[in-house]
Amino acid sequence: MSSTHTTSCIAKSTRGSVQRWSQTLIPTVRQAPSDAEMPSHVFMIRAGFIRQVGAGVYNYLPLAWRSLRKVSEIIREEMDAAGASELLMPAFQPMELYAGTKRDIDYGDLLFTLEDRHGRKLALGPTHEEVITDLMCGALTSYKQFPLNLYQIQTKFRDEFRPRAGLLRGREFIMKDAYSFHLDLDGDAGLNATYDKMHRAYTNIFTRCGLDFSAVEAEAGPIGGSASHEFMVNCEAGEDTILVCQESGYAANVEKAEIGERAWSFEVAADSELVKHHTPNMPGIHSVAEHLSTTPSGMLKSIVLRTTEESPRWVIAVVRGDHEVNESKVRDAIGCSVELADEGEAKAAGFVIGYVSPRVCSSIDLLLVVDPDALAGASWATGADEPDHHVTGFNWSRDMGDAIRGGKIQVADIRNAQGGDPSPRVAGSVLQERKGIEVGHIFKLGTKYSEAIGLDVLNKDQKKQSVIMGCYGIGVSRTLAACVEMSHDDNGIIWPAAIAPFHVHLVVIKPNEPEVQEAVSAMSDELAGHGIDVFIDDRAERPGPKFKDADLIGLPIRLTISPKTIEQGEVEFKLRSDDARGVGHPREAIVQMCLDALAP
RNA sequence: CAGGGUGUAGCUCAGCUUGGUAGAGCGUCUGGUUUGGGACCAGAAGGUCGCAGGUUCAAAUCCUGUCUCCCUGACCA
């Protein structure tokens with residue numbers, strides 16, 4: 001058994017590690033538990049990487065832990081190279097820390113809370129903005145200390161409404177979170193410079209991990225702040241939708257994606273009568289459209305929203321029936337954040353929920369915001385503002401003339417973009433829709449947390465100034481799952497070399513034969529000497545199960561040694577990504593072949 | 001949280017309707033034959049049927065409660 005002894009305490013060993021199946025725990029199974037559905041979940045269980053403990057809580061078995069450590073190491077190298085330094089904060093967080101930011105309210109039930117024996121309330125950290133900002137209050141004392149970027153790799157806790165798909169969404173998961181501190185937005189020490197550095201570091205990290213990913217513009221969400229980018233692993237099974245303009249390189253999450261100019265006019269002449277129809281018991285826009293002999297794209301959808309101000313106002317957002325209202329865009333259009341109206345309150349105010357039309361603005365005081373696509377037609381089907389009725393033949397110019405002349409209608413991009421929409425950057429180009437799994441997210445926080453918690457320092461001009469912050473997250477355990485989701489076939493996982501638990505899977509046929517054992521030791525020793533991590537399947541199994549398990553585990557290179565190959569002076573070599581069976585090669589050529597195959 | 005489903009051997013599942021000795025396949029263990037893509041023969045171990053209560057002479061099965069886990073939705077690394 002080779003080891004990684006070094007005589008020096010400063011020289012890092014470049015020797016690869018060698019591990020034998022018989023000495024570790026890799027419980028592969030032919031049949032995954034029936035509750036596993038996503039490929040990453042199924043294969044990580046079948047290949048013996050993880051085992052479930054509870055909903056969204058998993059054991060990371062030796063293979064998974066090796067991969068996680070490799071991902072973490074890549075993250076550390078790139079973060080350190082970008083000028084960040086690692087620290088470790090506790091998972092326990094006193095509830096008082098949330099008093100300033102009120103994020104306990106924003107997070108709500110997502111926050112795991114507990115009480116100690118003295119009745120003090122604690123949270124299990126979902127992220128660490130509060131803790132680190134509080135830490136900095138006592139540690140950042142001079143403008144000369146800026147900029148500063150600190151990170152940690154640590155287990156996070158979120159009581160997800162619905163954990164699922166193995167490591168893709170756990171309640172306990174491993175995350176890298178980084179926080180940067182500045183006094184300026186611009187300049188070498190400013191937030192923008194560090195944000196750009198992090199953007200590059202993330203690009204390096206995910207590239208080195210061997211992932212096919214896209215960096216896209218994103219909504220900041222409850223973390224708060226201004227600019228934000230997400231790093232998405234490109235994968236059809238992803239939960240997130242992103243839109244891409246090939247010509248300009250523009251890419252954004254559907255929550256954020258802008259849509260290019262669309263032609264519209266209030267002055268489209270009516271071409272049919274306004275007719276009322278009885279439409280009882282028709283859930284959903286599709287059944288109504290069918291009953292009215294039209295399609296959702298021939299209908300108007302009027303969503304009742306409420307502003308979140310002290311004295312809330314009603315807002316009606318009108319989009320075409322086949323489009324989705326985007327609340328963030330409505331917020332940007334009217335300059336105030338909104339939320340879906342409570343159904344009871346809306347009914348009490350006179351809205352006939354399910355049958356609302358733009359015409360309701362004549363009877364109720366409200367803000368009317370309309371998407372351009374909802375104006376590009378002469379005749380629409382929409383609600384009749386009375387129970388169980390819709391109208392056809394609605395025409396903006398004829399039926400909303402007063403509101404239009406009164407300037408009561410605001411026209412703005414307020415819907416989610418979708419494939420085929422015009423690009424916001426290049427006229428004539430269209431957006432393409434893709435799916436992705438979010439593995440990283442970077443934010444410009446600004447002063448949200450420093451103001452709430454009171455993190456300020458004296459600047460050069462001896463003026464008190466709130467510290468400007470950025471924060472940068474990577475879902476480490478999710479990255480692993482996303483990688484499997486992105487890279488697998490019917491037989492199992494296909495790991496990129498950089499984050500595979502080992503580089504070489506050495507299948508041993510007849511492991512009890514002395515000459516085989518000798519050949520295996522020599523081979524693995526030589527490979528390890530070149531920095532290659534070798535995994536030896538030394539089990540007393542027949543060849544069939546061994547090959548099946550090798551495919552399942554998915555290490556990049558498979559070598560096979562048997563009495564036959566020894567007799568021929570060969571070792572069989574096969575790449576996991578190749579479908580063909582392995583081919584024998586001269587024993588002396590093998591190490592170089594492995595090195596070539598693993599070269600970046 | 002709302003809606004739907006589920007819980008019987010390590011895994012996949014049958015048995016439940018109509019109450020009457022706990023079942024199969026895979027896996028595991030033993031012995032033998034095998035040995036390059038999930039072998040064969042013979043044998044063995046392994047379950048208080050999620051938990052609690054109730055009905056009954058008798059409950060995996062019927063009733064009540066409760067918990068678990070999964071799926072669909074809003075949220076997020």
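Chain identifiers are assigned alphabetically (A, B, ...) following the order of the sequence lines, protein sequences preceding nucleic acid strands; residue numbering begins at 1 within each chain.
- Residue A/K510 is classed as a sugar-phosphate contact, given heavy-atom separations below 4.0 Å to backbone atoms only.
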Quick test: give all pairs of protein nitrogen or oxygen and nucleotides 6-15 of chain B nitrogen or oxygen below 3.5 Å, distance rounded to 0.1 Å.
residue : atom : partner : partner atom : Å
B/C11   : O2'  : A/Q31   : O            : 2.9
B/U12   : OP1  : A/S34   : N            : 2.7
B/U12   : O4'  : A/Q31   : OE1          : 3.3
B/U12   : O2'  : A/Q31   : NE2          : 3.1
B/C13   : OP2  : A/S34   : OG           : 2.8

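- Taking only distance into account, the side chain of A/R169 meets the base of B/C75 through a donor-acceptor pair shorter than 3.5 Å.
- Rounded to a whole angstrom, the distance from the C1' atom of B/A9 to that of B/A22 is 10 Å.
- The backbone N or O of A/P126 sits less than 3.5 Å from a side-chain atom of A/R158, completing a donor-acceptor pair.
- Across B/A44 and B/A2, the matching C1' atoms stand 50 Å from one another, rounded to whole Å.
- Checking the phosphate oxygens (OP1, OP2) of B/A77, no side-chain nitrogen or oxygen of A/R158 falls inside 4.0 Å.
- Between A/F547 and B/G38, no base-stacking contact is recorded for ring centres under 5.5 Å apart and planes less than 30° from parallel.
- A salt bridge (charged side-chain N to carboxylate O under 4.0 Å, His left out) check over residues 81-90 of chain A, counting only residues at least two apart or in different chains, returns the pairs A/R76-A/E86.
- Taking the side-chain hydrogen bond (donor to acceptor under 3.5 Å, both in side chains) definition, one finds that A/Q93 meets it with A/Y98, A/H128, sequence neighbours left out.
- Both A/G582 and A/Y58 lie near RNA chain B, and the one whose nearest nucleotide falls closer to the 5' end is A/G582.
- B/U68 and B/A60 have their P atoms separated by 24 Å, with the value rounded to a whole Å.
- Here, B/G47 and B/G7 have their C1' atoms 14 Å apart, quoted to the whole Å.
- Legend: salt bridge (charged side-chain N to carboxylate O under 4.0 Å, His left out) pairs involving residues 481-494 of chain A, not counting sequence neighbours, sorted by first then second residue: A/D489-A/R576.
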Could you give the side-chain donor-acceptor pairs of residues 43-59 of chain A under 3.5 Å, partners two or more places apart or in another chain?
residue : atom : partner : partner atom : Å
A/R46   : NE   : A/V29   : O            : 3.1
A/R46   : NE   : A/R30   : O            : 3.1
A/R51   : NH2  : A/P27   : O            : 3.4
A/Q52   : NE2  : A/G54   : O            : 3.1
A/Y58   : OH   : A/H41   : NE2          : 3.2

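- The salt bridge (Lys or Arg N to Asp or Glu O under 4.0 Å) check on A/R478 picks up nothing, with sequence neighbours excluded.
- Nearest-nucleotide assignment on RNA chain B puts the 5′-proximal partner with A/G544, out of A/I474 and A/G544.
- With 3.5 Å as the limit, one finds no donor-acceptor pair spanning the side chains of A/E255 and A/N326.
- Within the nucleic acid shown, A/G440 comes within 4.0 Å of sugar-phosphate atoms alone, with no base atom in reach, counting heavy atoms only.
- A distance of about 40 Å separates the P atoms of B/C75 and B/G10, rounded to the whole Å.
- One P atom belongs to B/U61, the other to B/U17, and the distance between them is 9 Å to the nearest Å.
- Residue A/Q52 is in sugar-phosphate contact alone, with no base atom involved, counting any heavy-atom pair closer than 4.0 Å across all strands shown.
- B/A45 and B/U30 are spaced 10 Å apart, taking the C1' atom of each and rounding to whole Å.
- Looking at heavy-atom distances under 4.0 Å, A/R162 makes contact with a base.
- If you take atom C1' in B/U18 and the same atom in B/A59, they sit 14 Å apart, rounded to whole Å.
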